[in-house]
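If you're wondering where the values come from, they're calculated on a predicted model, not measured in any experiment. What you see below is based on every heavy atom in this structure, not just the backbone, and it leaves out hydrogens, waters and symmetry mates. Reminder, nothing fancy here: chain letters follow the sequence lines and each chain counts from 1.
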Amino acid sequence: MRAWITGALFCTAVLAGAGAAQAEVRVHVTYLRHEAPPRVVLSNLDPVPADLGLAGAQLGRLENATTGRFLNQSFTLDILSIPAQEDILVPARIALARGDILLLDMAASDQTAIADLDPTTLMFNVSDSGDALRGAQCRANILHSALSARMESDALMQVLLSKRWTRLALMAGPRPDDHSLAQLYRDSARKFGLKIVDEVAWTFDTDLRRAANTEVALLTQGLKAHDVLLVADAADDFARYIPFNTWDPRPVAGRAGLSAQGWSPAMEQWGAAQLQARFEDLAGRDMAPRDYAAYAAMRSIGEAVARIQTSDQGRIRDYILSPDFELAAFQGRPLSYRPWDGQMRQPVPVATTRALVASAPLDGFEHARNPLDSLGVDAPETLCTAFKD
Amino acid sequence: MWRLSALLLISLPLSLQAGEIWITNEKDDTISVIDTDTLEVTRTIATGERPRGITFSKDFTRAYVCASDSDAVQVIDVQSGDILNDLPSGEDPEQFVLHPDDRHLWIANEDDAIATVVDVQTHKVVAQINVGIEPEGMAVSPDGKTVVSTSETTSMAHWIDTESHEIYANSLVDARPRHAVFTSDGAQLWVSSEIGGTVSVFDTADQSLITKIRFEITGVHPDLIQPVGFEFTADGTRAFVALGPANHIAVVDTATFEVTDYLLVGRRVWHMAFSPDHSKLFTTNGVSGDVTVIDVATLTPIKSIKTGRYPWGAAMRP
């Protein structure tokens with residue numbers, strides 16, 4: 001017995017001498033996915049990868065583990081992916097019983113239900129972009145590494161305003177989420193002083209792959225004079241058929257043409273080329289915004305654990321929300337989290353499929369605290385109260 | 001015979017006085033050679049793909065260049081500009097440092113989380129050491145006993161024993177460390193953190209942090225002040241720190257660690273090199289595609305020199 005104790009002490013001393021932390025810090029994360037029902041869209045060109053989001057989390061774990069090797073910290077990642085018709089709370093309870101940090105890839109209502117099962121467990125929303133989960137429905141234990149659609153919409157408007165393309169026409173699809181997106185575009189346009197001069201509803205149910213050339217021209221023929229045509233197509237269904245089929249020769253923005261999203265395969269500055277290469281090696285495809293959100297969540301955990309040397313979830317959360325936290329994540333500025341709603345602050349790439357046009361916030365969009373807070377819901381406007389002490 | 005000595009007489013004084021700054025152009029696969037007296041580009045030398053780190057052999061007869069996308073370190077004859085041979089470098093070499101033995105190059109392999117040690121005489125890889133993700137900065141202590149590798153995504157400086165090739169200490173620094181240099185007496189190690197916006201100064205004896213240098217420029221948001229390359233003056237009293245997209249060079253008093261001046265240069269300033277007499281400093285400005293020449297005595301920019309696309313590394317040859 002005595003010999004055993006001495007042996008254990010000796011090991012600890014050697015590790016400390018080597019500059020590592022005394023005891024190994026083990027961090028367990030579960031990626032919990034409630035699979036979405038299949039999406040029916042016109043084009044077959046861009047199937048949704050089976051490992052969307054998951055691959056980003058896996059890359060983040062690998063990078064955390066590499067850093068952890070020098071600090072005596074280990075990181076595991078379990079993946080639980082549940083079909084749409086099954087109850088997500090069952091696997092959620094399993095992961096919670098293990099004491100894991102959770103990455104949530106599911107609808108907002110699922111996320112709040114899981115958050116309420118254990119308010120002491122730290123969770124990251126890596127998929128939902130809605131205002132509700134960051135506003136009235138926010139939970140103190142859910143941080144958001146997924147960008148809000150409002151941040152993306154604000155980013156797009158900043159870029160259009162910087163080009164003085166301020167007269168916008170808006171085309172919205174028929175689904176409820178298309179209408180929500182159209183409303184976001186209206187809100188952001190008003191916020192930055194752009195004008196939506198005309199609107200048209202997308203109503204077609206023909207196969208646009210054959211008819212876009214004639215139908216879109218007719219649909220857009222009557223629009224009042226505009227600089228840019230915004231397309232509100234939340235499911236990425238018809239937007240791809242709009243550019244170069246309009247009556248007037250106008251650029252298209254929104255879900256086609258110029259897009260604002262949390263990540264773009266066209267990113268190559270700020271070391272992004274290296275991240276893209278590592279992701280491609282791992283997943284065999286381009287990194288999508290959801291992969292980036294999951295990657296950023298894992299890296300946020302890893303960064304916090306490296307700095308404060310603990311797996312205590314409450315302390316990790318507090319550190320991530322503190323002014324000391326900075327994550328280098330290939331966007332040219334450090335990422336951090338908003339203390340009023342847990343939303344990750346990040347620059348938003350505004351890009352075509354082949355090149356970055358601008359990274360918002362642009363010069364001139366100042367903010368008393370941080371220019372990144374010119375995107376999305378700022379502290380004075382938030383409906384979230386869960387983060388108040 | 002008579003003709004030969006006349007030639008020597010003519011060429012000798014020229015080569016003694018006029019130093020050169022060699023600039024690697026990352027997006028042109030070339031080196032621009034700048035004459036430090038005339039401040040003109042005198043030669044353009046073709047390299048492998050995406051040249052970044054550059055240094056010279058101790059006798060300045062050979063240049064070593066990291067051709068990142070060719071996965072090689074290229075050895076260039078400085079007179080002819082010909083590539084003599086490629087050295088095995090591991091994948092994606094970005095920066096490196098030549099050991100005081102003039103024989104071993106210590107190379108950061110950015111895509112592989114590895115540091116590679118290459119013998120420039122035998123052209124053989126001597127060792128590969130696992131380091132953090134995206135290793136970049138490489139520094140060697142003046143006594144040659146320690147090499148430090150910084151890894152950008154791991155935010156660490158790894159202290160490596162050059163005899164055993166083992167890491168003997170790891171120091172966490174602020175986010176995205178890019179460059180590391182020992183002071184000439186070997187007592188301190190300086191590490192720049194691009195996203196953290198700081199330069200950390202370590203005591204080499206016990207790897208403890210002495211101080212963190214911070215920067216502040218009126219009208220530039222702190223997030224955009226991103227220290228990358230830096231160099232010390234010959235007398236060691238000042239450090240010049242490139243601040244990336246802030247488009248400035250900071251001048252730091254090495255005794256007080258205070259920033260005494262900010263000098264406006266070109267866009268996205270990366271690295272720098274002094275003229276042989278240390279009277280001029282040449283900075284590479286990646287986005288504007290030029291080099292700013294700074295008069296060190298008066299701390300004023302005196303000229304911009306157009307180079308190739310995306311100038312990155314800089315090294316001086318007397």
Checking an interface table here. Which of residues 197-222 of chain B come within a heavy-atom distance under 4.5 Å of chain A?
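Within residues 197-222 of chain B, the residues under 4.5 Å from chain A are B/His221.
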Name the region of A/Asp281, side chain, backbone, both or neither, that has any atom closer than 4.5 Å to a heavy atom of chain B.
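No part of it gets close to chain B.
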Sort by residue number and list every residue of residues 352-365 of chain A having at least one heavy atom under 4.5 Å from chain B.
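Against chain B, none of the residues of residues 352-365 of chain A fall inside the cut-off of heavy atoms under 4.5 Å.
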Mind ranking A/Glu303, A/Gln274, A/Glu326 by heavy-atom pairs under 4.5 Å with chain B and telling me who comes out on top?
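Ranked by heavy-atom pairs under 4.5 Å with chain B, first place is A/Gln274.
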Name the option with the most non-hydrogen atom pairs under 4.5 Å to chain A; the candidates are B/Glu194, B/Glu152, B/Arg268, B/His158.
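That would be B/His158.
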Under 4.5 Å, counting heavy-atom pairs only, tell me which of B/Asp111, B/Asp92, B/Thr153 racks up the most with chain A.
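Highest number of pairs under 4.5 Å: B/Thr153.
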Determine whether more than 12 heavy atoms belonging to other residues, nucleotides or ligands lie under 6.0 Å from atom [atom1] of [X].
| X | atom1 | answer |
| --- | --- | --- |
| A/Glu268 | CD | no |
| A/Arg369 | CZ | yes |
| B/Glu163 | CD | no |

Which value, rounded to the nearest 0.5 Å, describes the distance between A/Leu62 atom CG and B/Ile133 atom CD1?
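So the CG of A/Leu62 and the CD1 of B/Ile133 are separated by 7.5 Å.
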Going from CG on A/Asn72 to CG on B/Asn170, what distance comes out if it is rounded to the nearest 0.5 angstrom?
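Spacing of CG (A/Asn72) from CG (B/Asn170) equals 11.5 Å.
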Flag the pair B/Arg176 / A/Pro334 as yes when at least one side-chain heavy-atom distance between them is below 4.5 Å, and no otherwise.
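Side-chain contact under 4.5 Å: no.
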For the student: nearest non-hydrogen atoms of B/Val173 and A/Arg307, plus distance
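For B/Val173 and A/Arg307, the tightest heavy-atom pair comes out as O-NH2, 2.6 Å.
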Quick one: closest heavy-atom pair of B/Ile167 and A/Phe70, and the distance?
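Result for this residue pair: CD1-CE2, 3.6 Å.
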